[in-house]
Amino acid sequence: QVQLVESGGGLVQAGGSLRLSCAASERTFSSYGMGWFRQAPGKEREFVATINWSGASTYYADSVKGRFTISRDNAKNTVYLQMNSLKPEDTAVYYCAARTGRSASGARVDYNYWGQGTQVTVSS
């Protein structure tokens with residue numbers, strides 16, 4: 001059972017930056033593909049970014065491409081989401097997720113484990 005704990009959310013003005021972190025309990029963290037998803041009030045949970053086990057492959061939702069960067073540090077069992085040029089429409093609860101396959105994936109159904117989420121609020 002992998003436990004995921006997100007941190008780094010908060011309130012920021014439009015145009016600002018935040019870095020989210022997700023710490024995993026699993027010591028074989030490098031065996032997992034990782035992803036970030038988000039859910040705004042009244043909306044479905046949507047894909048944001050994903051990274052494969054080594055960090056060599058990353059993919060992004062079109063809405064965040066060029067503004068967000070996903071990365072991982074396998075020595076620290078941690079995945080990050082650097083968010084720049086934030087917009088009010090980025091406001092959501094952000095979830096970290098892990099999948100037992102080593103590859104990256106943008107599909108919610110591919111993920112086995114989820115964190116509790118961290119709130120990101122972007123004011124205009």
Side-chain angles (χ1 to χ4, degrees):
Q1 183 78 8
V2 179
Q3 292 184 329
L4 303 171
V5 179
E6 301 98 334
S7 61
L11 174 64
V12 64
Q13 288 188 331
S17 298
L18 283 174
R19 188 175 83 153
L20 305 183
S21 299
C22 173
S25 62
E26 180 58 51
R27 54 191 175 90
T28 58
F29 175 73
S30 61
S31 299
Y32 293 83
M34 300 295 295
W36 286 97
F37 293 76
R38 67 187 182 186
Q39 187 167 16
K43 294 188 176 181
E44 294 285 321
R45 192 172 298 188
E46 64 175 6
F47 165 70
V48 175
T50 181
I51 189 167
N52 77 328
W53 69 278
S54 67
S57 295
T58 58
Y59 303 96
Y60 298 90
D62 287 344
S63 59
V64 306
K65 203 171 292 183
R67 300 188 298 120
F68 290 11
T69 302
I70 188 172
S71 61
R72 66 189 297 161
D73 185 339
N74 287 340
K76 295 183 179 180
N77 288 4
T78 302
V79 63
Y80 304 97
L81 186 68
Q82 177 67 45
M83 305 186 295
N84 299 329
S85 302
L86 283 160
K87 304 175 181 180
E89 51 263 44
D90 294 318
T91 295
V93 177
Y94 283 70
Y95 296 91
C96 170
R99 61 186 302 268
T100 51
R102 289 192 169 197
S103 60
S105 173
R108 283 176 55 187
V109 296
D110 286 346
Y111 288 84
N112 309 96
Y113 306 101
W114 293 82
Q116 82 289 348
T118 186
Q119 177 71 46
V120 171
T121 303
V122 184
S123 63
S124 56

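Remember, it's a predicted structure, so these values are computed and weren't measured experimentally. Values below: all heavy atoms of this structure, side chains included; hydrogens, waters and symmetry mates excluded.
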List the atom of [X], the atom of [Y], and the distance in Å for their closest heavy-atom pair.
X	Y	result
Ser17	Ser85	OG-N, 4.4 Å
Ser30	Trp53	O-CB, 3.0 Å
Asn77	Asn74	OD1-O, 3.2 Å
Pro88	Ser124	CG-CB, 3.8 Å

Taking atom [atom1] of [X] as the centre, report whether more than 12 heavy atoms of other residues, nucleotides or ligands fall under 6.0 Å from it.
X	atom1	value
Lys43	NZ	no
Gln119	CD	yes
Tyr60	OH	yes

salt_bridge(Lys87, Asp90) N-O dist < 4.0 Å:
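Salt bridge: no.
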
salt_bridge(Arg108, Glu44) N-O dist < 4.0 Å:
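Salt bridge: yes.
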
N/O donor-acceptor pair under 3.5 Å between [X] side chain and [Y] backbone:
X	Y	answer
Arg19	Gln82	no
Ser25	Gln3	yes
Asn112	Thr100	yes
Asn52	Gly33	no
Thr118	Gly9	yes

Can you get from [X] to [Y] by hopping between Ile, Leu, Val, Met, Phe, Trp and Tyr side chains that sit under 4.5 Å apart?
X	Y	value
Val64	Val12	yes
Val2	Leu81	yes
Val48	Val122	yes
Val93	Phe37	yes
Tyr59	Ile70	no

Using the rule side chain to side chain contact (heavy atoms under 4.5 Å, CB included), only one of Thr58, Asn84, Leu86 pairs with Phe68; which is it?
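The side chain to side chain contact (heavy atoms under 4.5 Å, CB included) with Phe68 is passed solely by Leu86 among Thr58, Asn84, Leu86.
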
Side-chain contact, heavy-atom cut-off 4.5 Å: [X] with [Y]?
X	Y	answer
Cys22	Thr78	no
Asp73	Tyr80	yes
Leu18	Val120	yes
Tyr113	Gln1	yes
Glu6	Ser21	no
Met34	Tyr32	yes

Cation over ring, Arg38 on Phe47, under 6.0 Å and within 45°?
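Cation-pi check for Arg38 and Phe47: fails.
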
Is it possible for you to check whether Arg45 lies under 6.0 Å from the centre of the six-membered ring of Trp114, through NZ or CZ, and within 45° of that ring's axis?
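Geometry flag: set, cation within 6.0 Å and 45°.
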
Just checking, any donor-acceptor pair under 3.5 angstrom between side chains of [X] and [Y]?
X	Y	answer
Ser103	Arg99	yes
Tyr111	Thr50	yes
Asp110	Ser105	yes

Nearest 0.5 angstrom please: [X] [atom1] to [Y] [atom2], how far?
X	Y	atom1	atom2	result
Ile51	Arg72	CD1	CZ	6.0 Å
Met83	Trp36	CE	CH2	8.0 Å
Tyr95	Gln39	OH	CD	5.5 Å

